[in-house]
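Reading through the structure tokens given below for one structure.
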Amino acid sequence: MLEILACPFPASLQDAGRPGYRHLGVPLSGALDPEWLALANALAGNPPDAAAIEMRLAGPRLQSDADALFAIAGDVDARIVGEAGTHAVAAWRSHRLRAGEELRIDAVRSGVAYLAVAGGLEGRRELGSRSRYERADLGSPFGPGMTLKVGASGTPIPRRLGVVPARSGGPLRVIPGPQRERFSDAAWDDFLGGEFVVGREADRMGLRLDGPRLGHVGGADIVSDAVTPGAIQVPGDGRPIVLLADCQTVGGYAKIATVIGADLPRLGHALPGTRLRFAAVSLEQALAARRAAADALGASLAAVAPDTTEPDLAALYGANLIDGVIDATN
Amino acid sequence: MKLIELGDGALTLEFGERIDPDANARVMAARDALQALGLDGITDMVPTWRSLTVHFDPLRLPHDRLRQALLQAAEQKSALAIRRSATPTIVPVCFGGEFGPDLAEVAAATGRSEGEVITALCALDLHVALIGFLPGFPYLGGLPDWLDLPRRATPRTAVPANSFAIAGGQAAIYPWQSPGGWHLLGRTPLTLFDPANAERPARFAPGDVLRIEAISPDEFQGLREHPRHA
């Protein structure tokens, strides 16, 4: 059992999301960066889509009532506080949290980060997913005083990642449309040539962008049709809204373009103040990028290996008794 | 009719740009035809008034294969006939009073009595054109032209859950409390969304036909269901 002692910034339980219900108005939800979710899980010895804690800005303070193995994917300041003192914990490798010790994620410097626990976190599973979707109260809420059950994990081995993945910059690649024709060529040029900044209205549903105002041809409103994470809606004020995992299933604003699947995990890292640019690509380029991303993730997951560098204190002390301090300092 | 890319993981088959019952019938027919093919790699099929969007994994289902299947499915025209013979689902609604605070206004705006508005609504076959806005929120077609009213000038910040409402030529039932600008005519005691029922969490699905049945406040209390999220 994991107890949430404090949680100053929004965090939530997320897995691969809730496909198969969008015709009933139920959003897809799931991790904003499913690749990092998969890596955190692999480091904790879990299947790629086990539920983990998605964190932004700063994470929670947690305490476990039993020994647990956990791993963090992301750029974070984290430490374990226990009777033996405090020690920092690095991301991209797994660590043991002893019963009664406290894990503090003080800062999340990547746009998003994931904390996976060996065995997976067993929040409420509804419609095939543990992902939290606030508006319809699906999945477990996450907040101070609440507890999360940890699944059975056997005896997990500590693991580490060979190469730490980075989220590169560069423009987000988009496919024009579905309503590209609702925008003038000047608006299209502004969209591709301009720089946008993520505004304050930014959550798991979407990001409102400040930048060039994108004017419509024949109005912003359409008879609602389906939207998807990555779709870029432009309401009447000309300020684009990029949709994310918790977006509604249909929308009534014209969509100028859609961020390609390969760049969605990167989009999930955008926070208020983040600068974004867009570049148009063809469907063929988008599919090639999707294949490359899947291959790269596969390679990263394959590179998750047992952590042989974990200090085995008993062995270390034993060695020191025999060999003296010279070897230990070399 | 055209096929449009919604990114690289979704295709939209569009039959028109307006709210159109005939387009919606073709959408449902295409949806059924595509479903019958059982293509591997499709995750969601989202019908709307005028389009069918298919969300899929292009690494499992090639774009060309899905395009071809969608163009074939678009030729299906059977749904209209199926819909007309479908058995309507009865939806009890308690009209007026605190449940339907806009009934008097709607009656006045349409030049009918409240009773005439209720009688007219109960005689209709309302069809579920799409579910959207909120989980389980049905957009219902089939209202007569005289009930085509614009949305309220000032939307309510909190429309109570289970409200039956009309606006813009459509009817709807709110599964959740939410902001809303539609005219509230009554309330149903039915639970509209139940996540414990994974087979069918939403009571209504696109393509369903509904018939409204007027009930008294006493009957409302007797029929009242208690959803977890009430």
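First the proteins, then the strands, lettered A, B, ... as listed; each starts at 1.
- Contacts of V227(A) with chain B are made by backbone atoms alone, with heavy-atom separations under 4.5 Å and no side-chain atom involved.
- In this structure, E14(B) CD and Q179(A) CD are separated by 7.0 Å, a value rounded to the nearest 0.5 Å.
- Residue contact with chain A, scored on non-hydrogen atoms closer than 4.5 Å, involves the side chain of I4(B) exclusively.
- Nearest heavy atom pair, residue W49(B) against residue V223(A), reads CB-CG1, 4.3 Å.
- Heavy-atom distances place no part of A289(A) under 4.5 Å from chain B, backbone and side chain included.
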side-chain contact (heavy atoms from CB on, under 4.5 Å) between D137(A) and W176(B), intermediate numbers included: CA-CA 11 Å; D137(A) 190 23; W176(B) 318 90; 5.6 Å; no
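- Only the side chain of A231(A) comes within contact range of chain B, judged by heavy atoms closer than 4.5 Å.
- Taking CZ of R173(A) as the start and CG of D8(B) as the end, the distance is 9.5 Å to the nearest 0.5 Å.
- Residue P27(A) touches chain B through its side chain alone, counting heavy-atom pairs closer than 4.5 Å.
- At a 4.5 Å heavy-atom cutoff, the contact between Y21(A) and chain B is made by backbone and side-chain atoms alike.
- Between G20(A) and D44(B) the shortest heavy-atom distance is N-OD1, 2.8 Å.
- Within the 4.5 angstrom heavy-atom criterion, no atom of I42(B) approaches chain A.
- Near-neighbour residues of residues 199-206 of chain B relative to chain A, defined by a heavy atom under 4.5 Å from a heavy atom of that chain, comprise P201(B), A202(B), F204(B), A205(B), P206(B).
- For the atom pair CZ of R50(B) and CG of D225(A), the computed distance is 4.5 Å after rounding to the nearest 0.5 Å.
- Residue with the most contacts toward chain B among P178(A), A257(A), P19(A): P178(A) (heavy-atom pairs, distance under 4.5 Å).
- If you take CG on L24(A) and CG on L134(B), they are separated by 13.0 Å, rounding to the nearest 0.5 Å.
- In this structure, E126(A) CD and D194(B) CG are separated by 9.0 Å, a value rounded to the nearest 0.5 Å.
- For F142(A), the CZ atom sits in a packed shell: over 12 heavy atoms of surrounding residues, nucleotides or ligands are nearer than 6.0 Å.
- For chain A, the nearby parts of T43(B) are the backbone and the side chain; heavy atoms of each come within less than 4.5 Å.
- Contact count against chain B (heavy-atom pairs under 4.5 Å) is highest for L127(A) among I175(A), V26(A), V250(A), L127(A).
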Residues R290(A), L59(B); criterion side-chain contact (heavy atoms from CB on, under 4.5 Å); working and verdict: CA-CA 8 Å; R290(A) 189 184 272 255; L59(B) 300 186; 3.9 Å; yes
side-chain contact (heavy atoms from CB on, under 4.5 Å) assessment of L6(B) paired with K255(A): CA-CA 9 Å; L6(B) 174 62; K255(A) 297 172 282 294; 4.2 Å; yes
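- Put simply, OG1 on T249(A) and CG on L130(B) are 8.0 Å apart, with the number rounded to the nearest 0.5 Å.
- Taking both residues in full, the closest heavy atoms of P195(B) and L138(A) are given as CB-CD2, 3.5 Å, listed atom of the first, atom of the second, then distance.
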